[in-house]
Number of protein chains: 2
Amino acid sequence: MKLLLVDDDADLRAVTSFALQQAGFLVIGAGSVPEAVAAFGTEHPDLVLLDINLPGGTGFDVCRAIRADSRVPVMMLTVRGEEEDLVRALELGADDYLTKPFSPRTLIARVRALLRRAGLESGGRTRAGDLELDADALCLRIGADGTLRITRLEFRLLQLLLAHAGQAVATDRLLAHVWGHKGGGDRQVLKQLVHRLRLKLGEAGDLANRIETIPAVGYRLNVTAP
Amino acid sequence: MKLLLVDDDADLRAVTSFALQQAGFLVIGAGSVPEAVAAFGTEHPDLVLLDINLPGGTGFDVCRAIRADSRVPVMMLTVRGEEEDLVRALELGADDYLTKPFSPRTLIARVRALLRRAGLESGGRTRAGDLELDADALCLRIGADGTLRITRLEFRLLQLLLAHAGQAVATDRLLAHVWGHKGGGDRQVLKQLVHRLRLKLGEAGDLANRIETIPAVGYRLNVTAP
DNA sequence: ACGGCGGTGACAAAGCGGTGACATTGCACG
DNA sequence: CGTGCAATGTCACCGCTTTGTCACCGCCGT
């Protein structure tokens, strides 16, 4: 899981990076607005940590640039008591904020919470209703009945659907999540992916209809009570 | 957009509810753990605001009960300086927290941010009376009875009618809103659009007469009390 | 009677999603 | 190194839905 950490204080970057790396994250650092924008373009991080005070501009500029072509989770790092800045950041599309100074433990908990909410959490298991997704074994557990082996693409598809179980997920978001923002797939392959997954779900139980089509929008995964 | 606000202080609930309602949210209140769990089960809110200190238990108990069968966004309301509580809440599956006291403006910004990052886009739903328009799933919810799948054009039509529920809306405004100013549609297609929507509404209940014709002016959507 | 307006039905074009067939890639195994 | 299989991408076709267009009907005021 790759994070982009943007802060002008190199010492703070170093200590924060260390804490995040201990927690298993890969951290890319940037110390100015142009650096941050460039790093975002080349590295495609899964989450961005953004200080507001930066040489060459503000964190707002970076946030705006990122939001222009990506829905990646953004967490602002602010100093305490600047409510105006905070409101502005959230209205610009930031997903969360953290007031400095913060403890590494808090930071890691918040980063994890944000990743989980975005449906991007890499390791471990994701559960919704009677369905549980196991990243290590690459399989889907259905209630207590059985497990279903799935492929990597099917996993990523289910990851996002499960993270938003019961809600319609737009095809664009699915494409971005499964194949990455670098246009690997189009609607054609998504059709096929869903089709093949439905076949599997049909064989493993009468579950093909769990993935519902929302015409002109995308798909929705329906779960039952656990 | 429906929120569940859980706090034992009735006065704070009242003032907070008012602020949220001003921002366009529908707020359900609860003052204790059993009340909160019951309200969650019957109301199915889109987001939960949870105080920690509650009669009959703690906000953690409510959070655990909710997470047992739902991934609805949960925001904890804490008192300042209880980092242990905060970390525990996030590990229990809460998505965010807010320290009391907070300004209504901050609360609204944070709620919006949380909804956005949950994929529920605060602009995603519009309601008027017993009708609710869901932009994400592209459907119309009628009271508690059922949902009706609608098309993109029907959605845009209802969007404007619902925003002016009970008032006549001129055909020119409808044309401009549904098809844009680029002369894509004329009165003929609007006739057809309304006709087809009335058929759908008629099948889904006896709702065809909800769209009333105002001769020489346009149409009006009638709603009943929610 | 006439003309404007709105309702209704029928039809065609375009788009979207489902499905099957086949090609390509990558990887484990002999 | 070749072989076979699973995973993935690509193509073609089918059917349904959505949307635009036309024609015709009835209503109503002059």
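Proximity of D95(B) to M75(B): side-chain heavy atoms (C-beta onward) are nowhere separated by under 4.5 Å. Two residues are said to be in side-chain contact when any heavy atoms from C-beta on lie closer than 4.5 Å; L157(A) and L190(A) meet this criterion.
Note on D172(B) versus R187(B): salt bridge recorded, some NZ/NE/NH1/NH2 to OD/OE distance being below 4.0 Å. The pair R110(A)-D96(B) counts as a salt bridge, with a side-chain nitrogen and a carboxylate oxygen less than 4.0 angstrom apart.
Both Q192(A) and K200(A) sit near DNA chain D, but only K200(A) has its closest nucleotide nearer the 5' end.
Residue L193(B) is classed as having no contact, given no heavy-atom separation below 4.0 Å to the nucleic acid. At a threshold of 4.0 angstrom between heavy atoms, the contacts of R196(B) include nucleobase atoms, whether or not backbone atoms are also involved.
Between T213(B) and the phosphate of dG7(C), there is a side-chain N or O to OP1/OP2 separation shorter than 4.0 Å. Between dG9(D) and W179(A), a contact under 4.0 Å exists linking OP1 or OP2 to a side-chain N or O. Between R198(B) and the phosphate of dG7(C), there is a side-chain N or O to OP1/OP2 separation shorter than 4.0 Å. Contact annotation: Y219(A) does not reach the phosphate of dC16(C) (side-chain N/O to OP1 or OP2, under 4.0 Å). Between T151(A) and dT8(D) there is a side-chain polar atom (N or O) within less than 4.0 angstrom of OP1 or OP2. Side-chain N/O atoms of H195(A) include none lying less than 4.0 angstrom from OP1 or OP2 on dG18(C). Close to dT18(D), at under 4.0 Å from its OP1 or OP2, lies a side-chain N or O of R149(B).
Spacing between atom CD of Q188(A) and atom C1' of dC13(D) amounts to 11 Å, rounded to whole angstrom units. Distance R152(A) CZ to dG9(D) C1': 14 Å, rounded to the nearest Å. Atom-to-atom, CZ of F155(A) to P of dT8(D) comes out at 13 Å; the value is rounded to the nearest Å. What separates NZ of K191(B) from C1' of dG4(C) is a distance of 11 Å, to the nearest Å. Computed from coordinates, the L190(A) CG to dA7(D) P distance equals 18 Å when rounded to whole Å. dT10(D) atom P lies 7 Å from atom CG of D186(A), rounded to whole Å. The distance between atom CG of L153(B) and atom P of dT18(D), rounded to the nearest whole Å, is 10 Å. What separates CG of N209(B) from P of dG7(C) is a distance of 13 Å, to the nearest Å.
F102(A) CZ: more than 12 foreign heavy atoms inside a 6.0 Å radius.
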